[in-house]
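One structure below.
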Amino acid sequence: MSYDVVVVGAGALGCTLAYHLGRAGKRVALMDRAAVASQTSPRAAGLFKHVQSTATRTALAASSARQVVNFERDTGIPLPAIRSGSLMVASRPAHAAYLRREVDQARAWGVHVELVDAPTARRIMPLLRPDELQAIAHVPDDLYIEEPAQLLDAYLRAGVRVGVDVLPHTNVTGVRVEQGQTRGVVTSDGEVDAPIVVDTAGAWARAVGALAGASLPVVTVRHQLYITAAIEGMNPRFPIVRFVDAAVYTRPARQGLMVGAFEANPLPFDVSHRDGFSMEQTPLDLSVLAAARAAIEDYLPALKETKVREHRGGLFTMTADGHFMAGPVSDIAGFWVVTGCNGSGFSFSPGLGQTVSEWIVDGAPSIDLTEFSPARLSGTPLDEAQLTAACVWQYAHYYDPAS
Ligand SMILES: Cc1cc2nc3c(=O)[nH]c(=O)nc-3n(C[C@H](O)[C@H](O)[C@H](O)COP(=O)(O)OP(=O)(O)OC[C@H]3O[C@@H](n4cnc5c(N)ncnc54)[C@H](O)[C@@H]3O)c2cc1C
């Protein structure tokens, strides 16, 4: 068998990339050692966020949201996205100042975001008690996907239509590199030729990189959320709320609320020595989310009475500087990586998939991804303990990297 491109890993990043490559006329194999779309991505919260920390991330976030909103128009395949908007709220002066700076910066980059007063916030989110909050920002274009698997399913279907070969239960056990040039992969079903191989293996990206001889400095860290039972008066169009100082987010989910939290003492969880590990085996700890709820329930009193209906978690693939790792790997021609999503890989996948595809196909992407180059992370190699510490720090400061 031979292809133009082999994509290793059929999560959000692999599915979106494979679709865009197929649409551009490439012969693509999308391989997954497990069932497709079965690991981190379907466990995500499904949140899209326009306010980002750099101009490039802002452009990619906007491109991703546009793609999702227009997906049915462009492909004929439904992809239900709920344009609920979002509120970002801060209850302490330092975080309020941080939020105001973020708003100014995002507006300069073209994001539709404004600071609102408490009565306006209460009108937008009737369940919120905003009177004690120090700063509130409203982003009307933010959106979420109720069941994250819907995005994966839509891109898989679109990919198949443009000719992508989807190969579930195909474990990539080797990457063939000869004289610095990628030649293909070795799989549980035999060898496959391809001059380009892309590592989109999520929590396993480091292991797949090692098969090609690439050292990818990423660390996997647990993240958890829960969904409550139905709440009276809940409306799916109520906004996402991001409590920046508590590092907690909520959104409507199945007539209740979803609550997700960034742990103050994050749990790195290495999968490299756990053969057969599957994402639903991520160790969960509901007490972390109980503390998160306690931190915000005065602002969202409806949470006090609710029962937990679903509790799930998975692993973020973190980098030391908190930014993606996307692009060709130096010294191994034809070997590319798209990972290190630091908790944003689901929502960025449409934009990253399209942009990396343009880079592979045309040699120049429409959004310059140089700042995400894998090479930037190999310049000053950290030892394993330093790398883990840096990645854990990035996780704990997801909403306030400046503090
Ligand atoms: C609880 C939770 C909530 C989150 N919420 C959000 C959110 O609201 N918004 C957001 O943007 N992001 C969110 N994220 C982060 C987001 O889910 C991830 O960044 C994203 O799903 C990563 O996608 P992926 O394609 O890299 O990984 P995955 O979906 O894990 O896909 C990687 C695939 O590679 C396959 N694979 C691995 N090794 C091999 C091999 N050797 N051969 C073949 N296949 C292989 C795996 O089986 C897997 O299917 C959340 C994450 C969690 C855990």
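Read the numbers this way: they start at 1 and go in the same order the structure lists the ligands and their atoms. Quick note: residue numbers are just sequence positions, from 1.
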For Tyr226, which residues count as a side chain to side chain donor-acceptor pair (under 3.5 Å) partner, sequence neighbours excluded?
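Checked Tyr226 against side chain to side chain donor-acceptor pair (under 3.5 Å); zero matches.
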
Looking only at heavy atoms, is any part of Thr170 under 4.0 Å from ligand 1, and if so is it the side chain, the backbone, or both, or is it neither?
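Under 4.0 Å from ligand 1, Thr170 contributes backbone atoms alone.
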
Report the part of Thr200 (side chain from C-beta onward, or backbone N, CA, C, O) that has a heavy atom under 4.0 Å from ligand 1; answer both or neither where that applies.
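It is the backbone that gets close, since no side chain atom is under 4.0 Å.
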
Sub-3.5 Å N/O-N/O distance, [X] and ligand 1:
{"X": "Cys341", "answer": "no"}
{"X": "Arg43", "answer": "no"}
{"X": "His223", "answer": "no"}
{"X": "Arg312", "answer": "no"}
{"X": "Gly46", "answer": "yes"}
{"X": "Ala45", "answer": "yes"}
{"X": "Leu47", "answer": "yes"}
{"X": "Gln39", "answer": "no"}

Minimum non-hydrogen distance to atom 52 (C) of ligand 1, winning option of Phe316, Phe346, Phe324:
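Going through Phe316, Phe346, Phe324 one by one, Phe316 has the nearest heavy atom to atom 52 (C) of ligand 1.
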
Among all the protein's non-hydrogen atoms, which is closest to [atom], and how far away is it?
{"atom": "atom 22 (C) of ligand 1", "value": "Ser41 OG, 4.0 Å"}
{"atom": "atom 12 (N) of ligand 1", "value": "Gly343 O, 3.0 Å"}
{"atom": "atom 31 (O) of ligand 1", "value": "Gly11 CA, 3.3 Å"}
{"atom": "atom 48 (C) of ligand 1", "value": "Asp32 OD2, 3.3 Å"}

Please say whether the positively charged group of Arg274, taken as NZ for Lys or CZ for Arg, lies over the ring of Phe269, i.e. under 6.0 angstrom from the six-membered ring centre and within 45 degrees of the axis.
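Ring-cation test returns yes.
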
Name all residues meeting the salt bridge (charged side-chain N to carboxylate O under 4.0 Å, His left out) criterion together with Arg161; count only those two or more places apart in sequence or in a different chain, and write none if there are none.
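Expected list: none.
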
